[in-house]
There are 2 protein chains.
Amino acid sequence: MRTRGPRRPGTQTLSRRQQIMRAGLAVFSSAGFHGASLRDIAARAGLSQAGLLHHYPSKERLLRAVLSWRDDKACRRLGDPPPDGLDLIHRLAERPTAASAREFVQLDVIVSAEGTSADYPVHGYVLERHARVLEMVRRSFERAAAAGELRPDIDCATAARIVVALMDGLQLQWLFRPDAADVEGDVRRCLQPWLTTGL
Amino acid sequence: MRTRGPRRPGTQTLSRRQQIMRAGLAVFSSAGFHGASLRDIAARAGLSQAGLLHHYPSKERLLRAVLSWRDDKACRRLGDPPPDGLDLIHRLAERPTAASAREFVQLDVIVSAEGTSADYPVHGYVLERHARVLEMVRRSFERAAAAGELRPDIDCATAARIVVALMDGLQLQWLFRPDAADVEGDVRRCLQPWLTTGL
DNA sequence: GTCTATATACTGATAGAC
DNA sequence: GTCTATCAGTATATAGAC
């Protein structure tokens with residue numbers, strides 16, 4: 001049991017799970033599912049390929065684990081309770097600041113792209129996540145509308161589609177040219193004309 | 001020489017190049033560079049893998065050929081001379097109507113995503129294309145601004161970043177749910193508040 | 001220009017020792 | 001829980017006949 005529990009914070013060693021998730025993130029994010037190799041991930045996690053498959057019995061299951069690990073982190077980053085209305089939308093547009101930020105963004109971009117194929121191993125997951133995000137943003141707009149922060153002629157579903165698309169596209173631009181992109185600012189500027197606040 | 005020239009329109013047979021480009025489009029668009037196999041592409045084009053490599057000496061060169069073939073078609077679709085100002089932007093937001101439309105969109109999405117990695121075989125091409133599109137849209141906004149169609153407080157570089165990102169993101173949404181997406185309409189709605197036209 | 005055959009390398013996954 | 005060894009499959013690319 002001792003090996004399963006999380007180590008004291010500040011300790012040098014990471015749990016096996018942490019090591020594997022980080023290695024999986026690094027490899028899947030830069031090569032996608034198709035381009036990634038279990039041997040590469042295993043080596044980065046400090047164990048053999050067979051050792052890796054002991055923890056996650058297939059490449060697909062490993063990717064699923066990395067994705068749900070990512071989802072957990074993303075949820076936790078939003079805070080508890082998560083923000084509401086326009087606050088949530090601005091929060092989603094903030095780039096994470098950790099050193100692994102780029103990897104998380106890249107993982108999202110590449111898995112989303114690969115996941116558009118119906119025969120992708122985690123196609124269903126990608127589809128559902130896309131719908132879930134869209135729905136979450138739509139609800140946020142509806143809360144904002146109920147609070148009178150949104151101009152009454154704005155359709156919440158449309159606004160959600162536009163903002164989510166914008167974030168996805170700006171993420172890509174940020175990956176290509178981190179210095180030339182301004183994710184948070186551009187989202188804010190796109191949003192502005194829809195708001196009731198005078199500015 | 002006879003085999004090189006394009007066949008009479010309406011003829012059943014396609015040139016080898018056409019066959020290979022179409023097969024490459026189909027496979028690369030659904031699996032990306034990493035997930036595609038030359039054998040698969042060759043089989044769809046109706047020849048052996050070695051036969052395919054006679055025309056394009058490596059997988060990378062084949063992808064390059066498919067991408068520049070795609071670029072040619074995209075350019076030609078814009079018309080000659082290409083539209084200007086806001087017309088160009090609205091034109092870019094129109095989905096192509098051919099049966100292979102989905103494949104072209106998917107190729108763009110997956111190659112862009114894979115291409116964010118610095119060690120991707122055609123990373124340089126993807127990067128340059130991204131910059132080229134952004135620049136083209138920025139110029140279009142500047143022409144529109146010069147024609148007085150744009151509100152004077154709109155920054156053209158910002159508008160270009162936002163519109164390009166929006167198109168990329170809406171493309172992705174269209175791939176996931178073709179019925180629920182409205183690429184052309186959403187671009188128009190996002191653009192509207194920036195225009196001088198009263199509506 | 002197209003083929004078969006092959007070289008060489010790597011893939012995901014399994015078996016079994018420790 | 002981790003390893004070595006291995007299997008069967010597939011990959012890209014090349015050689016050489018036709």
Side-chain angles (χ1 to χ4, degrees), chain A residues 1-7 13-28 30-67 110-111 114 117 119-123, chain B residues 1-7 13-24 26-67 110-111 114 117 119-123:
Chain A
M1 256 318 177
R2 220 185 121 273
T3 59
R4 269 306 181 96
R7 277 152 183 84
T13 39
L14 292 164
S15 71
R16 259 280 175 259
R17 180 169 178 273
Q18 274 279 333
Q19 286 179 301
I20 294 174
M21 291 298 98
R22 291 189 181 191
L25 170 65
V27 176
F28 281 130
S30 79
F33 177 80
H34 294 302
S37 97
L38 292 178
R39 281 182 164 80
D40 189 4
I41 297 172
R44 288 178 195 239
L47 74 168
S48 71
Q49 186 235 9
L52 172 59
L53 282 173
H54 167 76
H55 296 275
Y56 303 93
S58 75
K59 191 181 180 183
E60 175 180 338
R61 295 282 290 274
L62 175 58
L63 176 59
R64 295 198 114 90
V66 171
L67 291 172
I110 202 160
V111 170
E114 289 181 329
S117 286
D119 52 351
Y120 191 61
V122 297
H123 171 73
Chain B
M1 255 319 175
R2 218 187 123 275
T3 58
R4 269 305 180 94
R7 276 152 182 84
T13 40
L14 292 165
S15 70
R16 260 280 177 259
R17 180 169 179 272
Q18 273 279 332
Q19 287 178 301
I20 293 174
M21 291 298 98
R22 290 191 182 188
V27 176
F28 281 130
S29 70
S30 79
F33 177 81
H34 295 303
S37 95
L38 293 177
R39 276 185 162 78
D40 189 4
I41 296 172
R44 289 178 195 239
L47 40 61
S48 71
Q49 186 236 9
L52 172 59
L53 282 173
H54 167 77
H55 296 276
Y56 303 93
S58 75
K59 191 181 180 183
E60 176 181 336
R61 295 281 289 274
L62 175 58
L63 176 59
R64 296 198 113 90
V66 171
L67 291 173
I110 202 160
V111 169
E114 289 181 331
S117 287
D119 53 351
Y120 191 61
V122 298
H123 171 72

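Lettering follows sequence order; numbering is per chain, from 1. These numbers come from a predicted model, not from an experiment.
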Over all atoms of both residues, closest heavy-atom pair of Arg22(A) and Leu14(A):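 Shortest heavy-atom separation between Arg22(A) and Leu14(A) comes out as NH1-CD1, 3.7 Å.
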For Arg64(B), salt bridge (Lys or Arg N to Asp or Glu O under 4.0 Å) partners two or more places apart: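 Listed in chain order: Glu60(B).
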Applying salt bridge (Lys or Arg N to Asp or Glu O under 4.0 Å), can you list everything that pairs with Arg44(A), at least two apart in sequence or on another chain?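 Only Asp40(A) meet the salt bridge (Lys or Arg N to Asp or Glu O under 4.0 Å) criterion with Arg44(A).
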Should the ring pair Phe33(B) and Phe28(B) be called parallel, tilted or perpendicular, given that the plane angle runs from 0 to 90° and is split at 30 and 60?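 Answer is parallel, since the angle falls under 30°.
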Minimum side-chain heavy-atom gap Tyr56(A)-Ile20(A) below 4.5 Å: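 A side-chain contact under 4.5 Å exists here.
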Please tell me if the side chains of Leu47(A) and Gln19(A) come closer than 4.5 Å, counting only heavy atoms from C-beta onward.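 Result no, sub-4.5 Å side-chain heavy-atom pair not found.
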Return yes if some donor-acceptor pair links the side-chain N/O of Ser117(A) with the main-chain N/O of Ser30(B) below 3.5 Å, else return no.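 Yes.
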Kindly say if [X] contacts the phosphate of [N], meaning a side-chain N or O under 4.0 Å from OP1 or OP2.
X: Ser48(B); N: dT2(C); answer: no
X: His55(A); N: dT2(D); answer: yes
X: His54(A); N: dT2(D); answer: no

What is the distance, to the nearest angstrom, from the [atom1] atom on [X] to the [atom2] atom on [N]?
X: Tyr56(A); N: dG12(C); atom1: OH; atom2: P; result: 17 Å
X: Phe33(A); N: dT11(C); atom1: CZ; atom2: P; result: 13 Å
X: Asp40(A); N: dG12(C); atom1: CG; atom2: C1'; result: 14 Å

For Ala50(A), side-chain contact (heavy atoms from CB on, under 4.5 Å) partners two or more places apart: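 Expected list: Ser48(A).
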Taking only residues two or more places apart in sequence or in another chain, which ones pass side-chain contact (heavy atoms from CB on, under 4.5 Å) with Leu53(A)?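 Listed in chain order: Leu38(A), Gln49(A).
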With a 4.0 Å cut-off on heavy atoms, is Ser37(A) in touch with a base, just the backbone sugar-phosphate, or nothing at all?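 Sugar-phosphate contact only - Ser37(A) comes under 4.0 Å of backbone atoms but never of a base.
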If you look at every strand shown and take non-hydrogen atoms under 4.0 Å, does Ala36(B) touch a base, only sugar-phosphate, or nothing?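 Result for Ala36(B) = sugar-phosphate.
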Residue-level proximity of residues 17-27 of chain A to DNA chain D when a heavy atom falls under 4.0 Å: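 By residue number: none to list.
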Which nucleotides of nucleotides 13-18 of chain C have their base under 4.0 Å from a protein heavy atom (B), which only their sugar-phosphate (S), and which neither (-), written as one string 5' to 3'? BBB---
